[in-house]
Structures are given as C-alpha cells and as structure tokens.
Amino acid sequence: MKTSPDVIEAAPAADSPSSATLGGDNKRSIEQFALLLFIVVPFLALVAAVPLTWGRGVSWLDLGLMVAMYFIGCHGITIGFHRYFTHGSFKAKRPLRIALAVAGSLAVEGPLVRWVADHRKHHRFSDAEGDPHSPWRFGETLPALMKGLWWAHIAWMFDEEQTSQQKYAPDLIRDPAIRGISRHFLSFTILSLAIPPLVGGLVTMSWWGAATAFFWGSLVRVALLHHVTWSINSICHAVGKRPFKSRDKSGNVWWLAVLSCGESWHNLHHADPTSARHGVMKGQIDSSARLIRWFEKLGWATDVRWPDAARIESRRHPAEADAA
Ligand SMILES: [Zn+2]
Ligand SMILES: [Zn+2]
C-alpha cells in the first residue's frame with residue numbers, strides 16, 4: 001500500500017501531532033491565513049469592481065449570465081466529469097450522459113477523456129509519486145510546499161508527461177459519442193465563450209451589452225471556475241480537516257463548498273471515491289449531490305451509490321489516530 005517515495009512519504013510522524021508543516025492535522029494559523037489571502041484578495045477585488053462599474057460595465061444580465069454559466073459548467077465537471085465519468089457514482093440514461101459530457105465541456109477544463117484519465121491517475125497515486133498534481137511533490141517544508149501548491153494549482157498542466165488515456169480511460173474511448181465530444185473540445189470552448197455575448201448583445205441590442213456580457217459571463221466566469229477547480233487539487237490537498245481515513249493528505253475545506261459545488265469535502269471523497277455525496281456530514285453543502293438526487297427521482301440516474309451511516313462510520317478515523 002505504502003509504495004510512495006521518501007520525499008512524500010516523509011509524513012509527520014505519529015508522535016508529533018503538532019507538526020510544524022502544513023501536512024500536520026494541526027494547521028498553523030498564519031500559514032492558513034496566508035493561503036486564504038492568496039485566494040480571497042483577488043476575488044474580493046473582482047467583487048469590488050461590480051459596484052464601481054455598476055450601470056456602465058456590469059448589469060444584472062451580466063451577473064445572471066455569469067452565475068448561470070458558472071454553475072452549469074461547475075456541475076458538468078463535478079457531477080459529469082468527476083462523479084459519473086471518473087468514478088461511476090451512478091448510472092445515467094443516455095441523454096443525461098451526453099448532457100453531462102457537454103455541460104462539463106463548457107467549463108473549459110480540457111477534453112473529457114483527458115480530464116478523466118488525469119483524475120483517475122490522481123486517485124491511483126494520490127500524493128505519492130505518479131500523482132499528476134500533488135502539492136507535496138517537492139517535499140514537506142514550507143518553501144517546498146509553496147512551490148508544490150503552485151505546481152498542483154497550475155503548473156502541472158504544462159508538464160510534458162501526459163497521462164495515458166488508453167490506459168486510464170478505455171471505457172470512455174470506446175463510446176463514439178463521448179469520444180466525439182472529447183475531440184471537439186475546442187468547439188465547446190468557443191460555444192461556451194460565445195453564449196454570454198450572444199445573449200447579452202441580443203437582449204440589450206447593443207455591442208456594449210455584448211462586450212460586458214463577454215467580460216463577466218465568459219472571461220471572469222471561466223477564470224473563477226478554473227481557480228476553484230484547481231483549488232481542489234492544491235488547497236484541498238494541503239489544508240482542511242481530515243476526519244476520514246485516506247492514504248493521502250486530502251482535506252475538507254468548508255469555505256470552498258458552495259463555489260466548488262460540493263467538491264471541497266475532499267477528504268471524504270478520497271476515503272470513499274465512488275460515493276455520490278461528498279458532503280456527508282450534517283450541514284455540509286453539496287449541490288452536486290442534491291442534483292444527482294433530483295436526477296434519480298426523475299429516473300434519469302439509477303444505481304446511485306449513496307453513502308449510508310455505517311459506511312461513513314467505517315471510514316472515520318478512530319478518535320485520536322494520526323492522518324499519516
Ligand atoms: Zn484529490
Ligand atoms: Zn475523484
């Protein structure tokens with residue numbers, strides 16, 4: 001089981017619960033605060049730009065397009081690419097299968113088959129050698145982790161080593177429709193960026209309306225969704241609570257729950273990857289699980305792997321055990 005290299009496996013020893021690295025369960029508050037600032041400040045700056053340019057550079061229509069497109073793409077990724085195509089948390093009727101493939105493609109996170117292959121490899125080697133995007137790649141010291149966070153967040157995508165799609169996603173390649181959607185990634189990207197300015201331009205019958213809708217509904221929306229998705233790879237493998245047993249450093253990060261459509265309950269996800277619900281505890285918001293439930297009621301989704309109480313309990317850490 002533990003075949004990972006020494007760099008990453010040099011985990012905080014069980015006898016040092018107050019480990020000075022972020023790898024410990026006891027997070028250093030200053031480090032976590034710095035990380036939070038890193039994410040939140042640019043976001044707040046963007047939010048502040050809304051009232052400053054209200055009426056000239058942004059309208060209700062722009063915000064509506066931004067939110068709608070954001071959550072269509074986000075759920076396409078979380079329900080479609082991730083819980084369904086990668087992990088098989090439920091079975092989908094054909095039209096839902098296609099719709100999820102399209103919705104996820106609108107998130108502009110790369111072709112479906114590549115996304116799934118990378119993510120399956122991530123689970124296979126999570127935070128060990130072979131993981132395409134572990135923040136622990138360079139070691140456990142703070143500078144190494146800062147470098148690793150950058151790697152896990154963005155830099156890994158520029159790595160020349162590509163995950164083998166034949167090896168990790170043969171089931172998807174066999175389906176011609178899915179293969180086709182994956183191949184037409186560029187077309188879906190153009191469509192995704194074109195919808196907001198088309199709607200904005202037609203509703204306001206102005207070029208300016210098209211331009212502001214493009215800025216907020218296309219550019220800002222895609223950028224925000226990218227950062228939130230990448231944060232699951234970086235932040236949710238560096239900090240967060242770890243109440244469940246997983247062999248990696250995945251954590252539950254509450255403040256990303258809404259924006260990530262429930263994916264930031266990442267510790268549970270690594271402890272029980274096929275579970276259709278990630279936010280399993282009381283009060284843990286998981287909009288993806290809610291939608292899957294609706295799909296199930298409509299008869300579009302079947303064989304949903306809902307976690308029951310016994311299954312959740314069996315994956316919990318015994319009271320004071322160490323995460324390593
Ligand atoms: Zn992960
Ligand atoms: Zn996963």
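Counting starts at 1 for both ligands and their atoms, following the listed order.
For the Zn ion (ligand 2), the neighbouring protein N/O/S atoms at less than 2.8 Å, given as residue and atom, are H82 NE2, H87 NE2, H119 NE2, H123 NE2, H269 NE2.
Between the side chains of H153 and H133, no donor N or O sits under 3.5 Å from an acceptor N or O. Between the side chains of S192 and R221, at least one donor N or O lies within less than 3.5 Å of an accepting N or O. If you check the side chains of E263 and H82, you find a donor sitting under 3.5 Å from an acceptor. Residues S287 and H75 have side chains that bring a donor and an acceptor to within less than 3.5 angstrom of each other.
A salt bridge between D127 and K249 is absent, with no side-chain N of the basic residue lying under 4.0 Å from a carboxylate O of the acidic one.
H270 has its ring centre no less than 6.0 Å from the ring centre of H278.
Closest approach between the Zn ion (ligand 1) and any N/O/S atom of H266 involves NE2.
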